[in-house]
Amino acid sequence: MKRSELFTKTSKSAPADEVSKNAQLLIRAGYISKEMAGAYNYLPLGLRVIENIKQVVREEMNAIGGQELLMTTLQRREIWEITDRWDSAKVDIWFKTELAAGGEVGLAPTHEEPLTDMLRQHINSYKDLPIYIYQFQTKFRNELRAKSGIMRGREFLMKDMYDFSASREEHEAFYERAAAAYTKVYDRLGIGDITYKTFASGGVFSKYSHEYQTLLDVGEDTIYMNADKSICINEEVFNDEVLADLGAKKSDFTTYTASEVGNIFSLGYKYSEPLGLEFTDKDGNRHYAYMGCYGIGISRLMGVIAEKFADDKGLVWPETITPFKYYLIGLGENGIKKCAEIYEKYSDLFLWDDRTEARAGEKFADAELMGIPHRVVISDKTLTNDQVEITDRKTGQTKLLTLNDFINKLY
Ligand code: ATP
Ligand code: MG
């Protein structure tokens, strides 16, 4: 993409009411704009990051047998009443609205009820199971506090997956596969070494659920990690009973702040029983489907990664999710001509700062603020040796490569 054609502009300051670092930087760099507290617009650069995160997640969910679909966000009152989750006194984050034609609908905070209900049309026999379904969907939650930028939105993007299994054993086998897929996702997103599978409360059907917590100073959660990093426990279940169960003692643990970037949960019959999702086994007996749910906060991940890797010059994107791999700057007549040539061939990889009115210093500052992993400068001077200058955003290290070597290494 040519910078002259990108409608977004960078700025030196963020809105005064924006207190979070992730949103401040993302707004200044032109990735998002703020509509109101807890609601943001994703601009072309920001959308590319979101789509890249989704693609990593999609590949890993497909690899464990996930089928992608997209459900409506509008919710029927009746099915949520069946599970006793409609009443705003019980679920305090609902957004609800009136239909012009009469009646009340909700905006989905999550999708267990409608998905379980819909699957009654598709599951009848043991032969129909197991099924693994996921979507990338907008969730609405009327969060009381929305001060963490895109890490806590009143509207946000989630990947939610659900398994429908014939037995507890079948579900548990999938639970382990999902856990392994989550590890791959966070590894690929560049936060594998700071993201920990954490014991959390489980509900009626399993002792524990698991959260994936990324260490982050401004994270909203507190977790406890033992010395060899093999056990993490969230605040909710960090008590004597759980410690005894895990064969650990309190004094071995250190407190960290973290942000929950995903979770996996055994639901058992919690939804299939009240909503009547049944199947017939080999012998003609009817059973409820055994379920689990698997969430990943897509927009929260973008905020966590922005926040975590940023430095005093701006954003620093990992290669896997950056909107562009290279920020291209031409200096001097020949430098600019060479940039145009390279850009013609590989426009997808480059954000080419072709603006004629911007000075070199502004372009360098923008490349840093936007966090593009590699800044490529081609100038009349580098061209005298047939070279390009490449600067790594993370380390600040610069090296010279011949044009040929550079082109060969592009992908
Ligand atoms: P939290 O404890 O942070 O409120 P949760 O336990 O309510 O999250 P889930 O309902 O399981 O979260 O949602 C799955 C994932 O969606 C979470 O792990 C988190 O990454 C993300 N998420 C939850 N709430 C928000 C929000 N308000 N804004 C952005 N992402 C969110
Ligand atoms: Mg939670």
Side-chain angles (χ1 to χ4, degrees), residues 20 22-23 26 32 34-40 42 46 49-50 53-54 56-57 61 73 75 80 83 85 90-95 107-113 115 134-162 175 178-179 181-182 185-186 189 191 194-203 206 208-216 218-223 232 234-237 257-267 270-271 291-308:
S20 76
N22 68 83
L26 290 165
I32 64 171
K34 186 172 190 171
E35 195 61 42
M36 63 183 92
Y40 296 87
Y42 290 82
V49 176
I50 288 285
I53 296 173
K54 280 167 65 177
V56 168
V57 174
M61 295 307 109
T73 207
Q75 301 299 304
W80 292 82
T83 56
R85 295 215 290 174
K90 298 225 164 81
V91 174
D92 60 4
I93 42 78
W94 269 113
F95 279 106
L107 303 182
T110 179
H111 276 83
E112 282 83 1
E113 278 82 349
L115 181 56
Y134 73 97
Q135 63 177 343
F136 296 99
Q137 229 275 6
T138 303
K139 310 291 185 198
F140 291 90
R141 294 185 185 178
N142 205 341
E143 306 269 7
L144 190 59
R145 280 173 295 278
K147 291 194 173 139
S148 299
I150 62 169
M151 296 194 301
R152 183 171 297 283
R154 296 198 163 102
E155 177 188 345
F156 64 97
L157 266 174
M158 193 201 286
K159 183 282 299 178
D160 43 328
M161 179 181 247
Y162 306 86
Y175 191 92
Y182 271 44
V185 166
Y186 301 121
L189 296 178
I191 53 172
I194 48 166
T195 301
Y196 293 90
K197 187 179 171 190
T198 304
F199 286 97
S201 64
S206 66
Y208 304 110
S209 68
H210 294 93
E211 294 173 345
Y212 287 79
Q213 293 278 2
T214 305
L215 302 185
L216 187 69
V218 297
E220 294 182 13
D221 292 357
T222 300
I223 61 167
C232 280
N234 85 2
E235 205 167 20
E236 228 178 355
V237 294
T257 55
S259 179
E260 182 192 325
V261 290
N263 61 25
I264 58 178
F265 206 103
S266 291
L267 296 169
K270 185 175 175 190
Y271 297 97
M291 291 172 57
C293 65
Y294 310 84
I296 289 184
I298 300 294
S299 43
R300 178 177 292 179
L301 267 171
M302 177 173 166
V304 166
I305 292 168
E307 188 98 28
K308 188 82 200 184

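Start at 1 and go down the list; that is how both ligands and their atoms are numbered.
Side chain of K54 to main chain of K159: no donor-acceptor pair is present (N/O by atom type, distance under 3.5 Å, no hydrogens or angles). Under a 3.5 Å cut-off, the side chain of Y196 and the backbone N or O of I223 do not form any donor-acceptor pair.
Residues F156 and Y40 are not in side-chain contact: their nearest non-hydrogen atoms beyond the backbone lie 4.5 Å or more apart.
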Assess the residue pair E112 and R85 against the criterion (salt bridge (Lys or Arg N to Asp or Glu O under 4.0 Å)); give the C-alpha distance rounded to whole Å, side-chain angles, the decisive distance to 0.1 Å, and a yes or no.
CA-CA 11 Å; E112 282 83 1; R85 295 215 290 174; 3.3 Å; yes
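Counting heavy-atom neighbours within 6.0 Å of E35 CD, excluding the residue itself, gives a total of 12 or less.
For the pair E220 and ligand 1, no heavy-atom separation below 4.0 Å is found. Note on ligand 1: T110 sits outside its first shell, no heavy atom being nearer than 4.0 Å.
Only side-chain heavy atoms of E143 come within less than 4.0 Å of ligand 1; its backbone N, CA, C and O stay farther off.
Taking every non-hydrogen atom of G262 and a distance limit under 4.0 Å, the qualifying atoms of ligand 1 come out as 18 (O), 20 (O). Within ligand 1, the atoms closer than 4.0 Å to a non-hydrogen atom of V261 are 18 (O), 20 (O), numbered from 1 in the order shown.
We find the OG-CE distance between S299 and M151 to be 11.0 Å, quoted to the nearest 0.5 Å.
Between atom 23 (C) of ligand 1 and the options R141, R152, M158, the minimum heavy-atom separation is to R141.
Among R154, R152, R300, the single residue meeting the salt bridge (Lys or Arg N to Asp or Glu O under 4.0 Å) criterion with E143 is R152.
In terms of N/O distances under 3.5 Å, ligand 1 is approached by R300. For ligand 1, one of its N or O atoms has an N or O atom of G153 under 3.5 Å away. Note: an N/O pair closer than 3.5 Å links E260 and ligand 1 by distance alone.
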